[in-house]
Amino acid sequence: MTISPPPTVPFVDLTWQHAPLQEAIQGVISAVIAQGDFVLGQALSTFEADFAAACGARFGVGVGCGTDAIALGLVACGIAPGDEVILPANTFVATLMGVLRAGAVPVFVDCDRATALMDLDAAERAITPRTRAILPVHLYGQMVSPQALLELADRHRLIVFEDAAQAHLAQRDGYTAGSIGLGAAFSFYPSKNLGALGDGGMFVTQDQLVARTARSLRNYGATSKYCHTEPMGTNSRLDTLQAAVLNVKLPHLPSWNQARHHLAQHYDRRLAPLTEYGIIPMRNDAGSGHIYHLYVVRVAGPTSRTEIQAQLTAAGVQTGIHYPIPCHLQPAFRSLGYAPGHFPQAEALSQEVLSLPMYPGMTLEQVDYVVDAMVETVAAVRLERVLPGVMG
Ligand SMILES: *Cc1c(COP(=O)(O)O)cnc(C)c1O
């Protein structure tokens with residue numbers, strides 16, 4: 001029996017983030033325990049105000065997770081059963097689940113192969129008289145063009161609802177993620193750019209009435225104690241303990257995002273020569289505002305993604321695939337009536353994308369190690385093709 005050694009480069013490392021904050025985190029946890037306001041407590045109000053302000057939104061409503069932020073947020077924005085909501089096919093399945101839980105009809109659209117972001121021309125073509133909202137996903141940490149979104153929404157009188165679960169403090173053209181739409185959803189799942197010590201999420205909005213409805217929805221649909229006015233109400237609140245921890249982390253978020261950006265630029269530089277081998281980093285159209293929740297390349301042949309991923313694993317480099325099955329082809333949602341071929345770009349991306357290690361605290365040497373391992377793989381495959389048999 002062999003015991004595999006620990007990976008040389010993990011996909012994500014959170015110990016790096018927590019070690020220097022350990023004492024501060026323990027301090028705020030003790031304070032919450034002493035205060036005893038575990039549900040809807042003071043640290044939650046503080047975090048809601050500070051995080052919303054950081055996003056350029058007026059109100060923040062802490063909920064149990066990002067999926068709930070989408071589901072409750074859409075309902076709070078006035079999305080009603082039967083309303084059509086346009087969303088990209090290539091997103092994490094939670095985007096879809098949020099739409100379905102709001103009772104809305106999901107209408108998928110394809111994406112731009114180079115950025116993996118929603119194709120807004122396709123979105124415009126998908127609009128029907130029943131369309132109420134467009135739900136862009138700021139995938140991998142890059143915002144969908146705010147200007148283009150707002151123009152589209154304006155032309156057709158649509159609500160914009162942002163899935164910003166991968167885009168905490170991402171920016172583009174002067175906008176911050178969460179500030180474009182009527183509503184936006186964030187997740188504080190531990191490995192997100194801002195993560196709790198467990199699940200958590202937030203809905204942010206510019207509208208006071210929408211915020212009030214969302215507050216009611218997360219708290220059994222109550223508007224005053226034991227008076228319940230929202231039938232879609234549920235129990236989904238961000239724990240005071242989690243909010244207290246997030247209060248400690250929030251001031252560090254800009255520098256963590258910067259560190260990710262710096263690493264991504266190094267990846268971009270080092271990977272540039274591999275373009276001719278079909279390894280193409282996702283294009284950054286947002287400049288310095290891309291916060292690289294994930295660093296993703298397309299593996300468009302001749303070396304297969306499976307082969308590259310296997311070689312990286314052998315070299316001790318953990319990788320991921322975001323995502324291997326687009327939403328419209330997920331087995332659970334066959335009844336929506338979509339089939340292979342409906343969204344060629346999203347389907348092609350699901351076969352091509354490979355996420356490389358990325359977290360603040362990762363070193364440039366680790367990036368070099370990952371890239372060197374990729375270079376070796378493509379070089380070996382190339383040699384094998386030129387001189388068949390030589391590589392054994
Ligand atoms: C993480 C994520 C969610 C869901 O957030 P949870 O907190 O895990 O419920 C939704 N959409 C996207 C794009 C995500 O990455």
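Worth knowing before you read on, the calculation uses all heavy atoms, side chains too, and leaves out hydrogens, waters and symmetry mates. Both ligands and their constituent atoms are indexed starting at 1 by order of listing.
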* Asked: Does CD belonging to Gln330 count more than 12 external heavy atoms closer than 6.0 Å?
  -> yes
* Asked: Hey, is NE2 on His342 packed in by over 12 heavy atoms from elsewhere, all under 6.0 Å?
  -> yes
* Quick one: do Arg172 and Glu162 satisfy salt bridge (Lys or Arg N to Asp or Glu O under 4.0 Å)? Show the steps, please. => CA-CA 14 Å; Arg172 184 161 173 178; Glu162 302 164 68; over 6 Å; no
Identify, for [atom], the protein heavy atom at the shortest distance, and state residue, atom and that distance.
atom: atom 4 (C) of ligand 1; answer: Ala94 CB, 3.5 Å
atom: atom 14 (C) of ligand 1; answer: Lys192 NZ, 3.0 Å
atom: atom 8 (O) of ligand 1; answer: Ser187 OG, 4.0 Å

* To do: Provide the number and element of each atom of ligand 1 under 4.0 Å from a heavy atom of Gly66.
  => 5 (O), 6 (P), 7 (O), 9 (O)
* Element-labelled atoms of ligand 1 that are located less than 4.0 Å from some non-hydrogen atom of Thr95 -> 11 (N)
* Do the ring planes of Phe203 and Phe161 sit parallel (below 30°), tilted (30 to 60°) or perpendicular (above 60°)? -> parallel
* Asked: What orientation do His168 and Phe188 show, parallel under 30°, tilted 30 to 60°, or perpendicular over 60°?
  -> tilted
* Consider every N or O of Val137 and every N or O of ligand 1, then say whether any pair is closer than 3.5 Å. => no
* ligand 1 N/O within reach of Asp163 N/O, cut-off under 3.5 Å -> yes
* What part of Cys65 sits under 4.0 Å from ligand 1 if we count only heavy atoms: the side chain, the backbone, both or neither? -> both
* Structure fact -> With heavy atoms and a 4.0 Å threshold, my read on which part of Thr67 contacts ligand 1 is both
* Report the C-alpha separation of Phe333 and His328 in whole Å, then their side-chain angles, then the decisive distance to 0.1 Å, and conclude whether the ring-ring contact (aromatic ring centres under 6.0 Å, His included) test is met. => CA-CA 7 Å; Phe333 306 108; His328 69 289; over 10 Å; no
* Asked: Hey, are Gln142 and Thr115 close enough side-chain-wise for a donor-acceptor pair under 3.5 Å?
  -> no
